[in-house]
K.L.:
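Dropping the structure in here first, questions after.
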Amino acid sequence: MRDSRSPTETEILVVAETFKLLGDPTRLKILLACLDQPMAVGDIARKIDASQSLVSHHLRLLRAARLVRGTRHAKHVHYEADDHHIRHVISDMIVHAGEHEPEAELPE
C-alpha cells in the first residue's frame with residue numbers, strides 16, 4: 001500500500017532514472033537473472049548469452065542505482081536484487097506485460 005504523501009521531486013527523478021536504466025534490454029535481463037538467487041558474473045553472462053565484460057559494465061550501473069547488490073564469496077561476487085521492492089516491481093511488470101495481447105494499431 002502506498003503512503004498518502006506526494007513524492008518529492010528527488011523521488012520522482014530517482015524513479016524516472018531507474019526506469020530509464022531498466023529500458024536497456026541487457027540490463028533488464030541481468031536483473032531478471034538475479035531475482036531468484038545470487039549469481040556470479042560468469043553465470044549471469046552464460047544465462048543471458050552476453051560477455052562477462054558487458055555484464056560487469058551493466059552490473060556497475062545497476063549497483064550504483066541500488067537495483068542489485070553484490071556479496072563476495074571467496075574469489076567471486078554474487079549479485080542479487082537489492083531488496084524485495086525491486087523483486088516485486090520487476091516481477092509485477094513481467095506479469096503485467098503478459099496479461100494482455102498487444103492491441104492492434106487503430107487507424108488514424
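A quick note: this is a predicted structure, and the numbers were derived from the prediction, not measured.
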K.L.:
Please identify each residue that fulfils side-chain hydrogen bond (donor to acceptor under 3.5 Å, both in side chains) with Ser53, with sequence neighbours left out.
P.N.:
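Testing Ser53 for side-chain hydrogen bond (donor to acceptor under 3.5 Å, both in side chains), a comparison that skips the adjacent residues, returns Ser51.
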K.L.:
Dump the intermediate steps for side-chain contact (heavy atoms from CB on, under 4.5 Å) on Val55 and Ile44, then the final yes or no.
P.N.:
CA-CA 7 Å; Val55 169; Ile44 296 168; 3.7 Å; yes
K.L.:
Lys20: what forms a side-chain hydrogen bond (donor to acceptor under 3.5 Å, both in side chains) with it, not counting sequence neighbours?
P.N.:
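With neighbours one apart ignored, the set is Glu17.
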K.L.:
So, Arg27 side chain and Leu22 main chain: donor-acceptor pair closer than 3.5 Å or not?
P.N.:
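It does not hold such a pair.
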K.L.:
Got a sec, which pairs hit ring-ring contact (aromatic ring centres under 6.0 Å, His included) with one end in residues 47-76, sequence neighbours left out?
P.N.:
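For residues 47-76: His73-His78.
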K.L.:
List in chain and number order the residues that pass side chain to side chain contact (heavy atoms under 4.5 Å, CB included) with Val77, two or more places apart in sequence or in another chain; answer none if no residue qualifies.
P.N.:
Arg72, Tyr79
K.L.:
Using salt bridge (Lys or Arg N to Asp or Glu O under 4.0 Å) as the criterion, list what pairs up with Arg87, not counting sequence neighbours.
P.N.:
Glu80
K.L.:
Let me confirm one number: the CG-SG distance from Leu67 to Cys34, rounded to the nearest 0.5 Å.
P.N.:
10.5 Å
K.L.:
Does one hydrophobic cluster hold both Leu35 and Leu61, with members joined at side-chain heavy-atom distances below 4.5 Å?
P.N.:
yes
K.L.:
To the nearest 0.5 Å, how far apart are CZ in Arg69 and CG in Leu59?
P.N.:
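Answer for the CZ-CG pair, Arg69 versus Leu59, is 14.0 Å.
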K.L.:
If you measure from OG on Ser91 to NE2 on His96, what distance do you get to the nearest 0.5 Å?
P.N.:
14.5 Å
K.L.:
Are Ile86 and Ile94 joined in one hydrophobic group, where the rule is that I, L, V, M, F, W and Y side chains link up if heavy atoms are under 4.5 Å apart?
P.N.:
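The answer is yes; both residues are in one hydrophobic cluster.
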K.L.:
If you draw a 6.0 Å radius around CG in Asp49, do more than 12 non-hydrogen atoms from other residues or ligands fall strictly inside?
P.N.:
no
K.L.:
I need the minimum non-hydrogen distance between Lys47 and Ala33, along with the two atoms involved.
P.N.:
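Smallest heavy-atom distance, with atoms named: CD-CB, 3.9 Å.
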K.L.:
Check side chain to side chain contact (heavy atoms under 4.5 Å, CB included) between Ile12 and all other residues, then give those that pass, not counting sequence neighbours.
P.N.:
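Ile12: side chain to side chain contact (heavy atoms under 4.5 Å, CB included) contacts with Pro7, Glu9.
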K.L.:
Scan residues 28-38 for pairs that pass side chain to side chain donor-acceptor pair (under 3.5 Å), counting only residues two or more places apart or in two chains.
P.N.:
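Applying side chain to side chain donor-acceptor pair (under 3.5 Å) to every pair that reaches into residues 28-38, excluding sequence neighbours, yields nothing.
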K.L.:
With sequence neighbours excluded, what pairs up with His85 under the side chain to side chain contact (heavy atoms under 4.5 Å, CB included) test?
P.N.:
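Side chain to side chain contact (heavy atoms under 4.5 Å, CB included) check on His85 returns Asp83.
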K.L.:
Please name all residues satisfying salt bridge (Lys or Arg N to Asp or Glu O under 4.0 Å) with Asp43, sequence neighbours left out, ordered by chain then number.
P.N.:
Arg46
K.L.:
Would Ile90 and Leu28 count as a side-chain contact (heavy atoms from CB on, under 4.5 Å) if you check the C-alpha gap in whole Å, the side-chain angles of each, and the deciding distance to 0.1 Å?
P.N.:
CA-CA 9 Å; Ile90 299 302; Leu28 185 55; 4.2 Å; yes
K.L.:
Measure the spacing between OG1 of Thr18 and CD of Glu11 and express it to the nearest 0.5 Å.
P.N.:
11.5 Å
